[in-house]
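Note sheet for the following structure.
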Amino acid sequence: MNEELRGTIKTGLIAGVVTLSLGMIGILVAFNKRFIVTDAVTLADLLLFGMAVIAGYLGASSLKEHSMGRRLLHGGLAGMLAAVPTFLLILLTLVWEGIRDSFINVEPALVSLLTLDNENVVVGGILLIVVFGVLGLVGVGYAQLPVRFRRPISMSLAWTIGSGVMSDILIGILRPRMSNDTLRSLFGSTGLQPVPFVVLFVLLTAVFFWWQQGGQTRYQTLRQNFTPRQQKSSRRVSISLLVIFLLILPSLLGVYLSEIFNEIGRFVLMGLGLNIAIGLAGLLDLGYVTNFAVGAYIMALLTSSSQFGPENPWSFWLAVPICVVAAMFTGFILALPVLKMRGDYLAIATLGFGEIIRVLARSDALKPVIGGAQGILQIPAAQIGGFMAQVMGYILNPINNLLSRFELGILATNSNGDIVFGNPPQLYYLFILASLLMLFISRRLNNSRTGRRWMAIREDEDVAAAMGINTTNAKVLAFTLSAASGGLAGAIFAAKLGSIFPSSFELLISINVLALIIVGGLGSIPGVIVGAFALVGIPQLLSEFAEFRLLLYGIALIGMMLVRPEGLWPSEVHRREIHSHGEDETAVPVSVKP
Amino acid sequence: MRRFNYIDLVLWLFRIGIIGVVLWGMTGKFILGIGNDYTISDWLDFFVSGLSQGSLYALIALGYTMVYGVLFMINFAHGEFFMAGAMTSTVLVALPLENAGYVERFPWLSLLAIFLSAVLTSVLVAVLTERIAYRPLRNAPRLVPLITAIGASFFWQYYFRGLFGSSLLPFPEFPMFDGKIAFWGLDFQKADIAVILTSLVVMFGLQQFVQRTKTGRAIRAVAENKDAATLMGIDVNRTITITFIVGASMAGVAGVLYSIVFRQLNFVMGFIPGIKAFTAAVLGGIGSIPGAALGGLFLGIIEAIGPPLFLEGLGVAGSHQLKDVIAFTMLVLVLIFRPQGIIGERLAEKKA
């Protein structure tokens with residue numbers, strides 16, 4: 001057997017095993033409920049048949065110089081092989097009656113999906129192999145396209161599929177602003193209708209193609225030719241548009257989506273904090289949840305009206321600074337013992353701290369103080385009352401009256417004249433305020449002398465020390481400041497839920513924050529936001545994803561490190577570093593030498 | 001010499017604090033008599049169950065220590081190899097065998113099949129992880145493989161949750177591990193004794209393998225110096241894979257032993273034992289095989305007798321819940337004060 005054929009067979013079978021895994025762990029069946037094109041294509045179809053296209057693409061593009069015929073042959077073969085493991089599974093279900101007792105996700109729905117709804121499963125399985133072979137040829141065809149067509153097509157396909165998947169949200173936003181008939185002609189119960197799908201795809205392809213063929217350069221020259229004054233005013237306009245957009249966003253999104261934004265906000269806050277430790281100073285802290293827990297518990301202990309709170313519960317606004325300071329203090333204390341450790345030992349030690357805190361929080365030993373597994377209840381929502389609320393009411397109410405004509409609005413006073421941050425759209429303002437504050441602080445820190453000190457330590461601690469940087473103090477400062485943001489997130493979280501339980505402070509939170517920083521790009525502030533949207537927002541939006549969230553995090557962590565270690569939105573410094581190394585993409589900011 | 005600074009002061013206070021807590025707790029226990037009153041045989045019970053728990057940690061720790069020896073990386077996913085073996089052998093071998101009545105009729109044969117399948121699965125998972133998540137990043141900065149290892153850990157947890165579900169699985173009851181056995185007038189759980197003996201045999205076998213065979217020598221050579229090993233004609237990649245295979249086999253064996261003792265399995269079962277086994281490996285001096293064995297036993301015993309010995313004396317409610325706190329505190333203490341481990345191993349010097 002020659003080398004190339006063996007390679008193709010390997011590619012096909014790997015794709016097949018991945019397809020089989022997708023089926024056996026239940027992803028395919030779960031995703032089969034979400035339509036991308038109404039009543040025609042589901043997310044599961046996309047994954048399943050996408051694997052065949054990818055197998056064909058890889059099978060063909062691994063060949064060096066060959067005729068079209070050979071390429072088609074290899075691509076088709078790889079595609080067909082990608083269906084073989086699932087075909088074996090189908091045969092297995094015929095002989096092994098009780099397979100579901102062992103593999104709980106091998107259910108009839110999976111079999112009918114994998115046999116293309118055929119009555120006779122063997123015929124269906126063979127049909128699947130044929131279809132996969134044809135799709136493998138499609139993959140070859142795609143590989144043959146010149147890059148200038150391939151790019152716009154894949155971009156617009158991604159966007160079209162994305163809008164199909166997210167159609168629930170689009171419907172939610174458009175419903176109050178559109179007649180029912182128009183809406184129904186665009187969307188089905190879930191997914192885009194076929195015609196709009198095709199139209200959107202063609203339109204986007206044209207736009208991306210134009211952008212690539214000259215639009216981009218034309219736009220850039222236009223921007224470059226601005227006079228300094230024009231530049232300034234264009235920036236001012238875009239910033240004020242952004243602020244207005246952020247202010248009216250909750251009324252645009254509605255309650256459910258606002259809640260998702262709040263979750264994203266919570267993780268942006270934590271991400272910004274952890275980014276100081278990991279991204280800037282290169283200290284891999286796996287116990288970040290500790291700071292979050294301290295913030296939340298201090299908030300609960302200060303403001304709760306239950307037996308755990310003080311006799312005269314504090315107001316939210318007074319308690320917030322205490323929570324932040326307490327979290328910083330914890331960060332400071334926990335930093336001291338681990339300062340001499342480097343790299344992976346530090347990671348494990350901080351993980352140990354996180355676990356100790358978790359076990360202590362749920363133990364009976366501390367139950368009289370912090371409530372043990374039953375947690376602390378009756379934490380009031382944050383609110384503004386009295387004179388402040390009156391003043392704000394004078395400003396907010398006219399704006400609301402104006403905006404209500406467009407079915408929009410912003411934060412408003414309630415019937416008592418108070419401003420309460422109780423429901424998700426109201427809490428949104430709290431999260432956005434906190435996030436903007438932390439964004440500002442992070443940005444300033446990034447560009448400060450301290451920030452550069454941290455980066456020097458990140459790159460090489462010994463060299464940094466030799467340059468006269470007090471590494472001990474810089475590291476303590478990094479831990480302390482990074483804790484602040486976590487404490488703030490915890491404080492708002494406690495006021496938002498009204499009750500806290502130890503189960504909210506698992507290691508998973510730390511891992512979650514770590515994953516979003518890495519996916520976004522270590523040390524990059526926009527990266528934190530991108531990462532939070534990708535890793536917190538998407539699983540929240542698509543309930544099917546929620547069950548497989550941690551599986552996807554695992555894949556994301558490994559995949560990012562293998563393919564794009566600098567993250568989705570790398571920081572400027574890091575991007576420069578990578579360019580100075582030429583095409584060397586394996587460079588990663590957290591280089592800790594042994 | 002460095003000047004004595006505030007960090008050192010804090011560390012000294014930390015040491016004194018921990019010693020103080022332990023002493024105070026023991027005083028409370030023995031002199032003031034706070035907490036339950038235990039007889040000698042109770043203490044022995046704690047000790048033996050700690051020893052059996054500790055041998056499990058030791059078996060898992062061997063995998064950590066061997067991989068650390070050759071790659072200088074914490075294989076965070078090692079606990080998942082242990083889980084994979086235990087879960088797969090239970091679902092695909094043990095439970096079907098029990099339903100068919102084979103466990104009752106041929107207990108030893110069934111047990112052999114369970115061990116074999118567990119080891120095979122663990123090895124498969126380990127080899128896949130090494131190939132996909134670790135090998136391409138061998139020359140990357142140190143933290144990168146740690147991050148992929150964390151990713152791999154979560155991936156496998158939820159992969160197996162997808163395969164076998166998230167409910168607790170029962171492990172079949174084996175007649176020979178049921179009940180107690182008497183030695184010198186004292187009763188011991190048969191399962192505990194079986195675990196201790198099996199792991200002693202396995203660890204002895206491993207030590208012989210590493211010290212006596214050609215492959216063992218290759219592993220030691222790669223741990224010493226990869227470049228020199230390459231020059232000596234050793235296939236480094238192959239040796240690293242073998243190291244993973246050996247470590248994962250130990251984890252597979254530990255998985256079955258764990259199932260025999262606890263008889264309940266779940267997809268998260270590997271996480272906490274994994275971290276504790278890492279603690280054990282560091283405790284004994286990471287990179288050292290006898291060190292991992294000693295560290296595991298030591299950790300198991302401390303965990304078992306710690307709560308009654310010095311936590312009850314402090315008047316702590318529900319002290320047994322704080323078992324994990326003891327283990328994690330040990331972890332942090334060792335990492336801070338003696339990263340080279342109790343025995344102190346040459347590998348640790350390169351890294352600490």
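Each chain gets a letter, A, B and so on, in the order its sequence line appears, and its residues count up from 1.
- When all heavy atoms are compared, the tightest approach of Leu322(B) to Ser363(A) is CD2-CB, 3.6 Å.
- Sparse packing is recorded around CZ of Phe329(A), with 12 or fewer heavy atoms of other residues, nucleotides or ligands lying under 6.0 Å away.
- Contact of the Leu351(A) side chain with the Phe278(B) side chain is not registered, since no non-hydrogen atoms from C-beta on lie closer than 4.5 Å.
- The part of Val476(A) that comes within reach of chain B is its side chain, from C-beta onward, which places non-hydrogen atoms under 4.5 angstrom from that chain.
- Taking CZ from Phe155(B) and CG from Leu550(A), the interatomic distance works out to 12.5 Å, rounded to the nearest 0.5 Å.
- Contact annotation for Val10(B): only side-chain heavy atoms (C-beta onward) come within less than 4.5 Å of a heavy atom of chain A.
- Interface remark: Phe76(B) contributes side-chain atoms only to the contact with chain A (heavy atom separation under 4.5 Å).
- In this structure, Leu11(B) and Pro337(A) approach most closely via the heavy-atom pair CD2-CA, 3.5 Å.
- The neighbour count for Lys226(B) NZ, taken as heavy atoms of other residues, nucleotides or ligands under 6.0 Å away, is above 12.
- Interface remark: Ile27(A) contributes no atoms to any contact with chain B (heavy atom separation under 4.5 Å).
- In terms of non-hydrogen atom pairs under 4.5 Å with chain B, the most contact-rich of Gly26(A), Ala335(A), Ala347(A), Ser21(A) is Ser21(A).
- With a threshold of 4.5 angstrom between heavy atoms, Leu336(A) approaches chain B through its backbone and through its side chain.
- Between Leu508(A) and Phe154(B), some side-chain heavy-atom pair lies under the 4.5 Å cut-off.
- Using a 4.5 Å heavy-atom cutoff, the side chains of Tyr158(B) and Ile25(A) are not in contact.
- Met341(A) touches chain B through its side chain: at least one heavy atom from C-beta onward sits under 4.5 Å away, while N, CA, C and O do not.
- Heavy-atom distances place both the backbone and the side chain of Ile336(B) under 4.5 Å from chain A.
- If you measure heavy-atom distances from Thr329(B) to chain A, the contacts under 4.5 Å come from both the backbone and the side chain.
- Between the CD1 atom of Ile558(A) and the CD1 atom of Ile147(B) there is a distance of 11.5 Å, given to the nearest 0.5 Å.
- Contacts between Leu346(A) and chain B at a heavy-atom distance below 4.5 Å are absent for every atom of the residue.
- Residues Met561(A) and Leu137(B) have side chains in contact (heavy-atom distance under 4.5 Å, counting atoms from C-beta outward).
- In this structure, the portions of Ile348(A) lying under 4.5 Å from any heavy atom of chain B include both its backbone and its side chain.
- Residue Phe271(B) touches chain A through its side chain alone, counting heavy-atom pairs closer than 4.5 Å.
- Heavy atoms of Leu366(A) lying under 4.5 Å from chain B are absent altogether.
- Looking at every heavy atom in both residues, Ile104(A) comes nearest to Gly165(B) through CD1-CA, 3.2 Å.
- For Arg358(A), the part lying under 4.5 angstrom from a heavy atom of chain B is the side chain only.
- For chain B, no part of Ile333(A) is nearby; none of its heavy atoms comes within less than 4.5 Å.
- Within 6.0 Å of CH2 in Trp96(A) there are more than 12 heavy atoms belonging to other residues, nucleotides or ligands.
- When all heavy atoms are compared, the tightest approach of Ser102(A) to Leu92(B) is CB-CD2, 3.8 Å.
- The only option from Ile272(B), Leu331(B), Val325(B) that meets the side chain to side chain contact (heavy atoms under 4.5 Å, CB included) definition with Glu355(A) turns out to be Ile272(B).
- Contact of the Leu286(A) side chain with the Ile150(B) side chain is registered, since non-hydrogen atoms from C-beta on lie closer than 4.5 Å.
- Annotation: Arg15(B), atom CZ; neighbour count of heavy atoms from other residues, nucleotides and ligands within 6.0 Å is above 12.
- Val334(B) does not touch chain A: none of its heavy atoms, backbone or side chain, sits under 4.5 Å away.
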